[in-house]
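Counting begins at 1 with the first residue of the sequence.
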Amino acid sequence: QLQLVESGGDLVQPGGSLRLTCAASGFSLDDYAIGWFRQAPGKERERVSCISSTSIGITYSDSVKGRFTVSRDNAKNTVYLRMNSLKPEDSAVYYCAASSTLPSYDRGEYVCPDRYDIWGQGTQVTVSS
């Protein structure tokens, strides 16, 4: 079965750090871009970051830029999201998703895919003192 499984979510104090892991099974991530999303209760799902299949293209939302870092290790079939300087408003369920669409760029900057083929079940991140 084609699956993505997130892990690494935890309770952390404001200003703390976490690293989320997105592990693929049943398929190779070599051919997929990966997006990170989050959703808090009562709020719409929002995109946090995305990374192209080769890591050449990386994009962050303004809310996490400078604090979060996405990376991937295709040999391990794994994608990571390092989160630093966490704020209470970062609290949410975090999801990773894989997209097989071709990459696109706008004025030299990577544009995240609009369509994702495979979604994980999410991992809870809670930022609170």
Side-chain angles (χ1 to χ4, degrees):
Q1 295 181 341
L2 280 58
Q3 293 186 90
L4 292 174
V5 179
E6 303 92 339
S7 62
D10 205 351
L11 171 64
V12 63
Q13 294 185 347
S17 299
L18 287 173
R19 189 182 74 165
L20 305 184
T21 298
C22 175
S25 62
F27 70 104
S28 175
L29 286 180
D30 288 349
D31 301 321
Y32 291 83
I34 296 295
W36 282 99
F37 301 81
R38 66 186 182 187
Q39 187 168 25
K43 296 184 178 180
E44 295 291 327
R45 178 179 292 170
E46 64 172 323
R47 176 184 56 77
V48 173
S49 180
C50 61
I51 182 169
S52 66
S53 61
T54 63
S55 300
I56 293 176
I58 297 175
T59 298
Y60 300 96
S61 66
D62 290 339
S63 61
V64 307
K65 191 175 300 181
R67 300 187 298 119
F68 290 13
T69 302
V70 64
S71 62
R72 65 191 299 160
D73 188 341
N74 286 346
K76 296 181 179 179
N77 226 22
T78 302
V79 178
Y80 307 97
L81 183 68
R82 179 68 179 181
M83 305 184 295
N84 295 326
S85 302
L86 284 164
K87 306 174 181 179
E89 51 262 43
D90 294 319
S91 297
V93 176
Y94 282 72
Y95 302 87
C96 64
S99 175
S100 60
T101 59
L102 294 175
S104 62
Y105 295 83
D106 183 15
R107 291 181 290 274
E109 296 197 15
Y110 180 61
V111 179
C112 293
D114 293 325
R115 177 181 176 181
Y116 295 85
D117 306 293
I118 307 168
W119 288 80
Q121 296 300 307
T123 185
Q124 177 70 52
V125 173
T126 302
V127 184
S128 179
S129 59

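Between Tyr116 and Phe37, the ring-plane angle classifies as perpendicular under the 30° and 60° cut-offs.
Of the inter-residue distances, the one linking Asp31 atom CG with Ser99 atom OG reads 11.5 Å to the nearest 0.5 angstrom. The line from CG of Asp117 to OG1 of Thr101 is 7.5 Å long, rounded to the nearest 0.5 Å. Atoms OG1 and NZ, from Thr59 and Lys65 in turn, are 8.0 Å apart once rounded to the nearest 0.5 Å. In this structure, the separation between CG on Asp114 and CZ on Arg47 is 9.5 Å, given to the nearest 0.5 Å.
Partners of Arg67 according to the salt bridge (Lys or Arg N to Asp or Glu O under 4.0 Å) rule, which considers only residues two or more places apart in sequence or in another chain, are Asp90. Judged as a side chain to side chain donor-acceptor pair (under 3.5 Å), and not counting sequence neighbours, Thr69 has no contacts.
Linking ILVMFWY side-chain heavy atoms closer than 4.5 Å, directly or via other members, places Ile51 and Tyr60 in a single hydrophobic cluster. Linking ILVMFWY residues whenever their side-chain heavy atoms come closer than 4.5 Å, directly or via other members, places Tyr94 and Leu29 in the same cluster. Placement of Val93 and Trp119 within a single hydrophobic cluster is found when ILVMFWY residues are connected by side-chain heavy-atom separations under 4.5 Å, directly or transitively.
Surrounding CD of Gln124 are more than 12 heavy atoms belonging to other residues, nucleotides or ligands, all under 6.0 Å away. For Glu109, the CD atom is loosely surrounded, since the number of other residues' heavy atoms within 6.0 Å does not exceed 12.
At least one donor-acceptor pair under 3.5 Å links the side chain of Asn77 to the backbone N or O of Phe27. A donor-acceptor pair under 3.5 Å is absent between the side-chain atoms of Ser52 and the main chain of Ala33, judged by distance alone.
Between Pro14 and Ser128, the shortest heavy-atom distance links the atoms CD-C, 3.6 Å. Nearest heavy atoms, Tyr110 versus Pro103: CE1-CB, 3.9 Å. Closest approach of Leu4 to Cys22, counting heavy atoms only: CD2-SG, 3.8 Å. The two residues Arg82 and Arg19 come nearest to each other via the heavy atoms NH1-CB, 3.8 Å. Taking each heavy atom of Ala40 and Ala92 in turn, the nearest pair found is N-CB, 3.9 Å.
The closest side-chain heavy-atom distance from Leu20 to Met83 is below 4.5 Å. Between Val64 and Trp36, the closest side-chain pair of non-hydrogen atoms is not below 4.5 Å. Side-chain contact between Ser55 and Ser71 is absent, with no heavy atoms from C-beta onward closer than 4.5 Å. Contact check for Leu18 versus Phe68: no side-chain heavy atoms found under the 4.5 Å cut-off. Counting heavy atoms from C-beta outward, Ser53 and Tyr32 have side chains that stay 4.5 Å or more apart. Contact check for Val79 versus Val70: side-chain heavy atoms found under the 4.5 Å cut-off. Under the 4.5 Å side-chain criterion, counting only non-hydrogen atoms from C-beta, Ser63 is in contact with Arg38.
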(message) Evaluate Ile34 against Tyr80 for side-chain contact (heavy atoms from CB on, under 4.5 Å), listing each step before the verdict.
(response) CA-CA 10 Å; Ile34 296 295; Tyr80 307 97; over 6 Å; no
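Using modelled atom types and a 3.5 Å distance limit, the side chains of Ser17 and Asn84 yield a donor-acceptor pair.
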